[in-house]
Each structure stands twice: as structure tokens, then as C-alpha cells.
Number of protein chains: 2
Amino acid sequence: MNVNFNNRDPVYVQVVRHFKEQIATGMLEPGQEIPSRRELANKLKINPNTAQRAYKEMEEAGLIHTERNLPSKITRNEKTLGAVREELIAGAVDSFVAAIRPINVSLDEIVGLIQDKYEMESKEEGGYE
Amino acid sequence: MNVNFNNRDPVYVQVVRHFKEQIATGMLEPGQEIPSRRELANKLKINPNTAQRAYKEMEEAGLIHTERNLPSKITRNEKTLGAVREELIAGAVDSFVAAIRPINVSLDEIVGLIQDKYEMESKEEGGYE
DNA sequence: CAGGGTGTATTAATCGATTAATACATATTT
DNA sequence: AAATATGTATTAATCGATTAATACACCCTG
């Protein structure tokens with residue numbers, strides 16, 4: 001459990017994204033238990049309400065479900081889980097294309113640049129500033 | 001002169017980006033005059049101060065220069081101008097790769113998706129929501 | 001039963017960036 | 001000279017999201 005926070009996005013959004021990435025890569029499996037709000041808050045040094053906010057978003061998205069005061073669990077709805085990966089990928093692709101299209105870059109050049117960057121090992125975290 | 005504003009980024013940032021795109025694609029040439037702050041504000045239906053804010057950013061970035069109260073002009077520094085295109089492209093690539101890497105997608109799949117999306121004519125403006 | 005752990009809801013504070021209002025000096029034009 | 005357009009600076013208002021404080025109901029366990 002380790003989230004690299006940046007300063008531009010809200011914390012709860014970054015927490016949600018972190019869980020989505022875990023789901024997308026299969027690190028979190030259907031039915032798996034996740035930490036309690038307060039436990040997560042402790043681990044990440046964030047306010048418990050912020051953790052709750054993140055979990056609430058995930059609950060409403062159907063990614064987790066919660067019964068009474070038992071540990072929340074990743075949903076067993078495989079369709080929902082599969083869609084997470086697609087959503088993350090499509091979101092990244094869409095915003096990339098929206099950003100690059102107005103610049104009139106050839107497809108070949110784009111592909112080359114992405115390949116180069118993608119193959120680099122990522123020493124630096126946090127992406128583009 | 002037509003900027004499709006979105007609701008998430010500050011207006012002045014979007015204005016700056018619009019000019020950078022114009023520079024990157026050669027629509028704005030070295031030495032070319034650009035509208036006055038107030039004129040731009042009128043065209044885009046924004047506050048003159050917002051236009052000024054955008055121009056100030058560009059001035060500080062060396063993209064435009066202003067003498068007294070004459071129309072501001074695109075810089076003639078070709079190096080600066082060329083860097084704009086590179087900066088826009090690198091920014092898009094970097095943030096895309098940062099977003100996609102944690103999801104463990106194969107390079108082939110990524111490239112395929114980008115090609116598909118990029119070749120689509122863009123009926124919808126505004127990118128991914 | 002008491003205590004500590006849960007999830008949840010309501011409300012408030014914070015906090016900063018963004019936008020706008022206003023004024024000023026200059027220059028050009030009529 | 002007056003009027004109008006320019007760029008610029010200073011200051012203030014707005015505005016909203018995000019975060020935090022607090023309280024409550026529940027349940028299990030010792």
C-alpha cells in the first residue's frame with residue numbers, strides 16, 4: 001500500500017485511482033477485503049473522511065460493497081471489474097489524443113515517441129509537471 | 001479565433017494553450033501581430049484581465065513581446081518557437097505514459113488504440129470527461 | 001456490559017486560485 | 001486638446017471544492 005500523491009489532484013481522487021489501478025492489474029481480486037477507512041487513513045496519513053470519500057465514490061461506482069460494519073470488499077461483478085481497466089485505458093487514450101491532435105503530429109512520430117517513453121524505466125514518479 | 005473552453009482548466013491557461021497550438025502548427029508566425037488584450041477579451045467573451053493574464057504568461061515565457069502600447073507580436077526567436085511544439089508534444093506523451101504505465105498494457109495494444117482514436121475524425125470536442 | 005472497532009452522515013472551516021474592478025500612464029487620432 | 005485605444009499594476013471579490021471536525025448507530029469481543 002503506497003500511493004504517490006501529487007499536489008494537483010484531490011487526494012480522494014488519487015486514492016480512487018490507485019484502487020482502480022490495482023483492480024485493473026489484478027492486484028485486487030473479486031471479493032477481496034480492503035482496509036477499513038480508518039486503517040487506510042492511518043497508512044496513507046490522510047484524514048479518515050478523505051478515505052471515506054474515496055470509498056464512497058467506489059461504492060457508488062459498484063467497485064466495492066459494504067455490509068454493515070464489516071470490511072468492505074471488492075465486488076464480485078466481473079463485468080464491472082473488467083470495465084475498470086477499459087475505462088482507465090480509454091481515458092488515457094482519449095485525453096492524449098485530444099491533446100495531441102491540435103498540434104498536427106504525424107501518427108508515426110507519435111507512436112515512436114510513445115514507444116521510447118514507455119520503454120524507459122520510470123525512475124521518476126509523478127508524471128509530467 | 002475560436003477557443004473551445006472547458007470547465008476544468010482556468011481560462012487563462014486555455015488561452016495560452018490555444019496560442020501555443022497556433023504557434024506549434026505554424027498558424028502564428030514569427031513577428032506576427034496578435035490582438036490587443038481588450039480585443040481578444042471581446043472576441044472570446046472573457047474578462048480583459050484574463051486576457052492580460054494569458055499574455056503576461058506568454059510574455060514571461062518569451063513567446064510574445066510587447067513594446068509600449070503597440071500590438072504584441074509573436075517573438076522572432078525561432079528557437080523559442082520551435083520549443084513550443086516539442087513542449088506540447090512531450091507534455092502529452094509524458095502524462096499519457098504516466099497514466100498508462102501503472103495499468104500494464106502491452107505496447108502493441110497501446111499503439112493500436114492510439115491509432116484507432118487518432119484516425120477518427122473528431123466530431124466531439126473537449127476530450128475525455 | 002463496556003470498550004473499541006466498524007461504516008456513515010452532517011456540518012463547518014479552510015484555502016487558494018481565478019476572476020474581476022479599478023485606476024494609471026502612454027500614445028495615437030480626430 | 002479631447003477622446004479613445006493601448007498595456008500595466010494593484011487590489012479585492014468570488015467561488016467552490018476539498019478537507020476536516022464531530023457525532024451517531026452498529027457490532028463484535030473481552
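To find a chain, count down the sequence lines: A is the first, B the second, and so on, and within it residues start at 1.
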Same cluster or not: A/M58 versus A/L70, using hydrophobic residues (I, L, V, M, F, W, Y) connected whenever any side-chain heavy atoms lie under 4.5 Å apart?
no

From CG of B/N47 across to P of C/dT18 the rounded distance in Å is 15 Å

Report yes if at least one side-chain N or O of A/Y12 is closer than 4.0 Å to OP1 or OP2 of D/dT18; otherwise report no.
yes

Do you know which of B/R17, B/Q52, B/R53 makes side chain to side chain contact (heavy atoms under 4.5 Å, CB included) with B/Y12?
B/R53

Nearest heavy atom decides the nucleotide; on that basis, is B/L70 or A/V11 closer to the 5' end of DNA chain D?
B/L70

Measure from CD on B/E57 to C1' on C/dT19 and round the result to the nearest Å.
14 Å

Counting distance alone, no hydrogens or angles: does the base of D/dA21 have a donor or acceptor under 3.5 Å from a partner atom on the side chain of A/N49?
yes

Of all the nucleotides listed (C/dA27, C/dT19, D/dT8), which has the minimum atom distance to the side chain of B/P10?
C/dT19

Does a side-chain N-to-carboxylate-O contact under 4.0 Å join B/E87 and B/K20?
yes

When you get a sec, tell me which of D/dT8, C/dT18, C/dG7 is the closest nucleotide to the side chain of A/S72?
C/dG7

Is the distance from OP1 or OP2 of D/dA20 to the nearest side-chain N or O of A/T50 less than 4.0 Å?
yes

Whole angstroms only, please: what is the CD-C1' distance between A/E39 and C/dG7?
14 Å

I'd like to check B/I100 versus A/Y118 (side-chain heavy atoms, cut-off strictly below 4.5 Å). Are they in contact?
yes

To the nearest Å, give me how far apart CG (B/L44) and P (C/dA20) are.
12 Å

Atom-to-atom span, CD of A/Q52 to C1' of C/dT10 - whole angstrom:
12 Å

Check the distance between C/dT18's P and B/R8's CZ and give it to me in whole angstrom.
15 Å

Rounded to the Å, how far apart are A/L40 CG and C/dG7 P?
10 Å

According to salt bridge (charged side-chain N to carboxylate O under 4.0 Å, His left out), does anything in residues 22-49 of chain B pair up with another residue at least two apart or in another chain? List the pairs.
B/E39-B/K43

C/dG7 P sits how many Å from A/E60 CD, rounded?
16 Å

For D/dC28, take OP1 and OP2 only and decide whether either is under 4.0 Å from a side-chain N or O of A/N69.
no

Residues of residues 31-38 of chain A with any non-hydrogen atom less than 4.0 angstrom from an atom of DNA chain D: list those, numerically ordered, please.
none

Taking the nucleotide of DNA chain D with the closest heavy atom to each, which residue, B/E59 or A/R53, is nearer the 5' end?
B/E59

Under the criterion side chain to side chain contact (heavy atoms under 4.5 Å, CB included), I'd like the reasoning laid out for A/T50 against A/V15: C-alpha separation, chi angles, the key distance, then a yes or no.
CA-CA 9 Å; A/T50 304; A/V15 171; 5.5 Å; no

Flag the pair B/I64 / B/F19 as yes when at least one side-chain heavy-atom distance between them is below 4.5 Å, and no otherwise.
no

Does B/Y55 put a side-chain nitrogen or oxygen below 4.0 Å from OP1 or OP2 of D/dG7?
no

